[in-house]
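Chain letters run A, B, ... following the sequence lines, proteins first, then strands; residues in each count from 1. From a predicted model like this one, the values you see are computed outputs, not experimental measurements. All values below were derived from every heavy atom in this structure, side-chain atoms included, with hydrogens, water molecules and symmetry-related copies excluded.
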Amino acid sequence: MFELANVKKSIEKELERIIQNKFSINIKVTLETPPEGMGDFAFPMFDLLKLLKKSPIEVGKQIIDSLDLDSIKKIEISGAYLNFHVNFLPLSDSFIRELKEKGKESLNFPKKNKKVILEHTSANPTGPLHVGRGRNPIIGDTLRRLLKKYGYDVETHYYVNDAGRQSAILIYGVENLKIETNEKKEDHALVLFYQKANELLENDQEVSKKIEEIMMDIERGDEERIKRNREILLKVLNGIKETLKMINVEFDIFYWETDLIIQGQVKKVIDSLRSEMKEENGAYYIEIDKDGKNEKVFLIRNDGTSLYFTRDIAYHLLKSERGDLIINVLGEDHKPHAELLQNVLKKIKNGIEIKNVFYSFVSLPEGRMSTRKGRVVYLDDLLEESREKAKEEILKRRNISDEKLNDLSEKIGFSAVRYNILKIQNEKQLVFKWNDALNFEGDSSPFLQYSYARANSILKKQPWSGSFSSEYIMEKAEISLIKQILLYPDVIENASENLKPYKIAKYAYDLASIFNIFYTECPVLKENYEIRENRLGLVFAFKTIMEDLLETMGIDHPEEI
RNA sequence: GGGCUCGUGGCCUAGUUUGGACAAGGCACUGGCCUUCUAAGCCAGGGAUCGCGGGUUCAAAUCCCGCCGGGCCCGCCA
């Protein structure tokens, strides 16, 4: 499965050997990709030429004369570059044969027998999910799918903050206010209480005091109080789950923050750090080295209750017992917190491996989204809008039953939202614009789904017999397609190792784009037997890989669109 | 003020980790392609001092320094 990368490595090794032998020079050779039409790999000889004080032609010729690898078809000297044309077509024989035999399974990496605990989303259950933090579930869930493919066992967590101030505000609102609403979805109905309570809070000391009391009860571990709260928070959480389901996001575990208090983990953390703790006005802290400076990290308030940070330590210790690698998908605002947490954990337990993936908020042209202030675009509304647009687009093209229309418009509309957010690098700040969020053309999920449907349609008309030989491949478009297909394992590896799910989107788009060119330039069904079967093989390979990519991105892949 | 981060055609993005050949795509715009496997597509075209200024290098969007602009963070909040 890794032949293409191996070919590259073997050329690099061979070049290093030849340069050593011929010129007695030890250099590390890194091949790069030349511009279109100039071969497959390029070796820049600048360093070598400088050392040897010879012309590129002279040095190039000497290298070419001593290089003898089956995989190389042709070598050209172009300026100070040595361009390698690789005979990679034969690689496609085994690749496609394996796809035929094992299907998508052949695309999975070997099991690593390592478990990843992946926490993402973890939005406060005080209102519906909004687009501002909408990147979190999309990045998180794509990582889950990607890392599984890459050979990890993955357990996903949603950390439910039921111990915090935000939750207490909602609880106060629900228990003390009366608000009429005909919102059917409970997260949308209950957020009104949260917003109203926040409003009251601003200029009413009494309200503020009552909320403090709720928080206090929780943090002291009042189980009655906690139980009542959860009933309310769960309603909001269920609304959030519904939204997540629409974009194909699901979790293994919902972990309630207050469990850490009730079950004693917080106390354990405090006990284990007690010897290092110092006191200040009745509160306790430890000192942590941060960029050479000592920083106070408070763990216990002067009223004896724990802080979010303390509970987060406990939670990460718990996660470290459940898996080998902890990955958190976090908003950029958590950066300092997360770094501090890693430092503290090092003090408590050795060898905890944590990787944090940060993303920037999606904002509105008029500023940051805020549930409290009501300046938000809810994910539900965006999804609804996208579904409607998908319906319109479908009806422009075909007449189908209402049932099919509903199904298809969700698969196209919801996916478009997921893709349009996923495709952008996490840390890039993103200003929400309806036009971009609802993009259905070019670099978009309908484009991918469309190319997939085209492939599917061909195979439906004429199933592939399974015979394929790269000898029959000669068209430019066919070769580009094979080349792109063979890159698949490298892309999965790169995206997984660097925890960059958007790399999958980029690759999938390029692949679909190349397939569309192939589709236009290389008719399949009307060719003679050999050519037809070979092209069917290519279409099959494309279809299988595209399906796999779409699944990895959590995007639906209807057979026809 | 300090720290982190982003800045690429009118708009959006890839490329930055590991420096290399004319900076690659999408949207929008202009023109062409459906009696032939789905035109959500394909082809062609115009449009970029890669925020600014220095430096390192044979070679800088990429590395280093300074500056400018946007975002985030600097709690006994979460």
Salt bridge between [X] and [Y], side-chain N to carboxylate O under 4.0 Å?
X        : Y        : answer
A:Arg230 : A:Asp259 : yes
A:Lys209 : A:Glu213 : no
A:Arg133 : A:Asp333 : yes
A:Glu559 : A:Lys460 : no

[X], nearest nucleotide to its side chain (from [options]):
X        : options             : value
A:Lys428 : B:A40, B:U8, B:U5   : B:U8
A:Phe447 : B:C42, B:A28, B:A39 : B:C42
A:Glu441 : B:C37, B:C58, B:A40 : B:A40
A:Lys526 : B:U36, B:U38, B:C6  : B:U36
A:Ser457 : B:A40, B:C11, B:U38 : B:U38
A:Leu430 : B:A21, B:U13, B:A40 : B:U13
A:Lys335 : B:C27, B:C4, B:C42  : B:C4

Whole angstrom value for the distance that separates [atom2] of [N] from [atom1] of [X]:
X        : N     : atom1 : atom2 : result
A:Asn435 : B:G10 : CG    : C1'   : 14 Å
A:Lys500 : B:A14 : NZ    : C1'   : 12 Å
A:Phe358 : B:C6  : CZ    : P     : 13 Å
A:Asn456 : B:U38 : CG    : P     : 11 Å
A:Leu538 : B:C37 : CG    : C1'   : 14 Å
A:Ile424 : B:C11 : CD1   : P     : 15 Å
A:Lys423 : B:A24 : NZ    : C1'   : 15 Å
A:Phe440 : B:C12 : CZ    : P     : 21 Å

May I ask you to say what [X] touches in the nucleic acid, namely base, sugar-phosphate or nothing, with a heavy-atom cut-off under 4.0 Å?
X        : answer
A:Asn83  : base
A:Leu49  : nothing
A:Ser78  : base
A:Leu299 : nothing
A:Leu525 : base
A:Lys503 : sugar-phosphate

Requested in this report: Look at the side-chain N and O atoms of A:Arg532 and state whether any lies under 4.0 Å from the OP1 or OP2 oxygen of B:C37.
Outcome: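 No, outside the criterion.
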
Query raised in the report: Can you tell me if the side-chain N/O atoms of A:Gln425 get under 4.0 Å from OP1 or OP2 in B:G15?
Result: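 Checking A:Gln425 against B:G15: at least one side-chain N or O falls below 4.0 Å of OP1 or OP2.
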
Query raised in the report: Taking C-beta and beyond as the side chain, do A:Asn534 and A:Glu527 meet within less than 4.5 Å on heavy atoms?
Result: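 They are not in side-chain contact.
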
Report task. Could you tell me whether the side chain of A:Phe298 reaches within less than 4.5 Å of the side chain of A:Glu280, counting heavy atoms only? Result ->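 A:Glu280 vs A:Phe298: side chains touch.
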
Pairing nucleotide - [N], Watson-Crick or G-U, each distance under 3.5 Å:
N     : result
B:C76 : none
B:U36 : none
B:C63 : B:G55
B:A44 : B:U30

If we take the [atom1] atom in both [N] and [M], what is their distance in whole Å?
N     : M     : atom1 : answer
B:G54 : B:G1  : P     : 25 Å
B:G69 : B:C76 : P     : 31 Å
B:G25 : B:G47 : C1'   : 15 Å
B:G51 : B:A23 : P     : 15 Å
B:A60 : B:C65 : C1'   : 15 Å
B:G10 : B:C22 : C1'   : 24 Å
B:A61 : B:C50 : C1'   : 5 Å
B:A48 : B:A14 : C1'   : 15 Å

Query raised in the report: Syn or anti for B:C43, with syn set at within 90° of 0?
Result: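 Anti, angle beyond 90° from zero.
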
Query raised in the report: side-chain hydrogen bond (donor to acceptor under 3.5 Å, both in side chains): which pairs involve residues 361-373 of chain A, sequence neighbours left out?
Result: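 Checked against side-chain hydrogen bond (donor to acceptor under 3.5 Å, both in side chains) - neighbours excluded - no pair reaches residues 361-373 of chain A.
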
Report task. With A:Lys389 as the cation and A:Phe440 as the aromatic partner, state whether NZ or CZ is under 6.0 Å from the six-membered ring centre and within 45° of the axis. Result ->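 Pair A:Lys389/A:Phe440 counts as cation-pi.
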
Report task. Please check if the distance between the ring centroids of A:Phe447 and A:Tyr450 is under 6.0 Å. Result ->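 Ring-ring flag for A:Phe447/A:Tyr450: false, centres at least 6.0 Å apart.
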
Query raised in the report: Quick check, are the ring centers of A:Phe309 and A:His337 under 6.0 angstrom apart?
Result: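 Centroid separation for A:Phe309 and A:His337: below 6.0 Å.
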
Query raised in the report: Testing A:Tyr519, A:Trp464, A:Phe515 for ring-ring contact (aromatic ring centres under 6.0 Å, His included) with A:Phe542, which one passes?
Result: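 Going through the options one by one, the only one that passes is A:Phe515.
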
Hey, does the side-chain of [X] have a donor or acceptor N/O within less than 3.5 Å of a partner on the base of [N]?
X        : N     : answer
A:Arg397 : B:A39 : no
A:Asn516 : B:A40 : no
A:Asp47  : B:C58 : yes

Query raised in the report: How does each nucleotide of nucleotides 70-78 of chain B score, in 5' to 3' order, for protein heavy atoms under 4.0 Å: base (B), sugar-phosphate only (S), or none (-)?
Result: BSSS--BSB

Query raised in the report: Starting at the 5' end of RNA chain B and moving along, which residue's nearest nucleotide shows up first, A:Asn439 or A:Lys461?
Result: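 Result: A:Asn439.
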
